[in-house]
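Values in this document were obtained by computation on a predicted structure and should not be read as measured data. Below, each value reflects all heavy atoms present in this structure, side chains not excepted, and no hydrogens, waters or symmetry copies.
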Amino acid sequence: HIYPTTSPSTHRRATMKRRPKVPQSRSNLVLNKELKRQTNVLTPVIIALAITLLLLMSGESDEPDIMLPEVQQKQKEELINVPREQAQLEVDKIVAEKTTAASLVLAKGDVAGSTAVGNQIKEFQLENPFTPSLHNSSSLVQHIWYRGERFDGKTQPKPRNTTLALAIDAVSVASEASLVTLEGQVSSWGSHHSIRYFFGATELDDDKPNCANEIDIEDMKKISEYCSGKAWKRGSTKVKFLRNRFARGDFMIRFRKTPGWMCAQQRTSFAMGKVGRFYRNEMQNDPNFKLPDFLLLHDDDTYYNMVKIYPFLEEKNPSQPTADAGCLVRMPVSEIAFDYPYGGFGMMVSRASLERWIRPIDCETSPTEDIEWATHVCEQLKENLIGEAFSWKNGMSISDLMQAHATSFSIAHYEKWRQPGYCIHGDWALGFYFNIYRMSAESSSFLESHNATRIEQTLGYHYDKPQGNCKHEGQAQCTTDAHVCHRLHGVSMSFVARLAKQEAPEQFRKVVKKKLL
């Protein structure tokens, strides 16, 4: 054996053939230096993300098996031999388990796995004779709380004693990607003693939960061009106005809108379809169940200052059909008599309006309740302004119609649309149905020349610039004087709510610090 007199590393360096240096321009040197700097900055972030992903993939999980059982046919045969009510419960249980599995898979970032489970659920529902229809579906909104506690839809919630007279429910249009913000709502202003049910609707409540991964920016442009380029109801200024302004390119670029945002434009309609059926089922099954005095409908970054909102609602009569916007967007009267609630500031709906929203309507016989309003609905359907009548089936409610309309024109499959498509934003849909279908009484805030508006602007409005409550957008503008704020997230929402709780601690429940989702 011959041992080198130098160390191995020194020997390698000495015997290695030197590579000639390649002269670099000054611009290349600067570029290489910048790339090296960015690499040094990003490397720790990439490593942290990789470790997190590995932990999620390798961690022990007690989630249910995501594959449908091999004994599916046997279960189906067993279901046929039991009473219909019991069979329906068994079907709902299986579907609920698979939906939960899809949620867990999606939460881990496995979109393909979640889609596969969703397809299995659809196949199971199609093959099963007891699958509920749109009229009697018992499916619930994905996330529900009752008095701050998670509600599974099965166990009867325990009533809580409260000295507050009003019962208020809330529906938040949220996303699986930002559940922390939804949790912030429930634990902050959602802990007010008047808040009863709190519904959180996400992608898993949509007709196509994977919609955001099925379209891209180019598809969004095509949808916008479809709505503005194809005329529908040429004689209607409202329809033309809305179609020409739906998802405009300059708007989407300015506010950096994503496919997820585009898909979420239908989520309000899907949510109200489910919430409406939940209320009807509860009233049928429990004679003591009552609708809330008021329903709050809003985005997941909406903050309600309940110390001010509660006395504001106390002055109103829930037996009268009314709707109040946190910020009402007013259109120029010279162009169109149409206004709508700015989605981020939410809308407050009275019990009487909610009853209209969820009441089944029979247009084939003479109405027996709220006759004038029901007659108007049946006449309005004949105009079919946005194509909603194509989805109408006799016996539906307005909340059913909203969901059916969105389902008929899925944004994920826009290339299959027939006229007129779905060319209406989520908050526009609320303005459309409340104004056109007269879900509430005429607003007292406007002149007679603008009496088409049925949503109050008492708190604030936006015409050429924000007025009143519309100014409270973002944490910096969300003061204790605001009734409603927009663009707040988990931490900032909890901070602002803490100030309100200090002002009236007796109005809020004590929140146990635990993960709600």
Stacked cation flag Arg196 on Phe198, 6.0 angstrom / 45 deg: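 That pair does not qualify as a cation-pi contact.
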For the residue pair Arg454 and Phe434, would you count it as a cation-pi contact if the rule is NZ or CZ under 6.0 angstrom from the ring centre and within 45 degrees of the ring axis?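 So Arg454 doesn't make the cation-pi contact.
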So, [X] versus [Y]: side-chain donor-acceptor pair below 3.5 Å or not?
X      : Y      : answer
Gln403 : Arg277 : yes
Thr202 : Gln142 : no
Glu388 : Tyr437 : yes
Ser188 : Arg498 : no
His143 : Glu183 : no
Tyr342 : Asp427 : no
Gln185 : Thr302 : no
Asp299 : Ser172 : no

Donor-acceptor contact present, side-chain [X] to main-chain [Y], <3.5 Å:
X      : Y      : answer
Arg147 : Ile195 : yes
Arg267 : Ala174 : yes
Gln265 : Trp261 : yes
Ser408 : Ala404 : yes

Taking Lys221 first and then Glu218, would you say they form a salt bridge - that is, a charged N and a carboxylate O separated by under 4.0 Å?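 Salt bridge between Lys221 and Glu218, a charged N being under 4.0 Å from a carboxylate O: yes.
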Salt bridge or not for Asp250 and Arg248, using N-O below 4.0 Å?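 The answer is yes: the pair qualifies as a salt bridge.
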Under the ring pair (Phe, Tyr, Trp, His ring centres under 6.0 Å) test, residues paired with Phe246 that sit two or more places apart: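 Phe246: ring pair (Phe, Tyr, Trp, His ring centres under 6.0 Å) contacts with His425.
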Quick one: list whatever passes ring pair (Phe, Tyr, Trp, His ring centres under 6.0 Å) with Phe270, sequence neighbours left out.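 Once residues adjacent in sequence are excluded, Phe270 has no partner under the ring pair (Phe, Tyr, Trp, His ring centres under 6.0 Å) criterion.
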Over all atoms of both residues, closest heavy-atom pair of Phe409 and Pro420: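 Smallest heavy-atom distance, with atoms named: CZ-CD, 3.9 Å.
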Side-chain contact test, heavy atoms from C-beta onward, threshold under 4.5 Å: evaluate it for Trp392 versus Asp400 and give yes or no.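 Contact flag for Trp392/Asp400 side chains = no.
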So Thr479 and His472, do their side chains get closer than 4.5 Å, heavy atoms only? yes
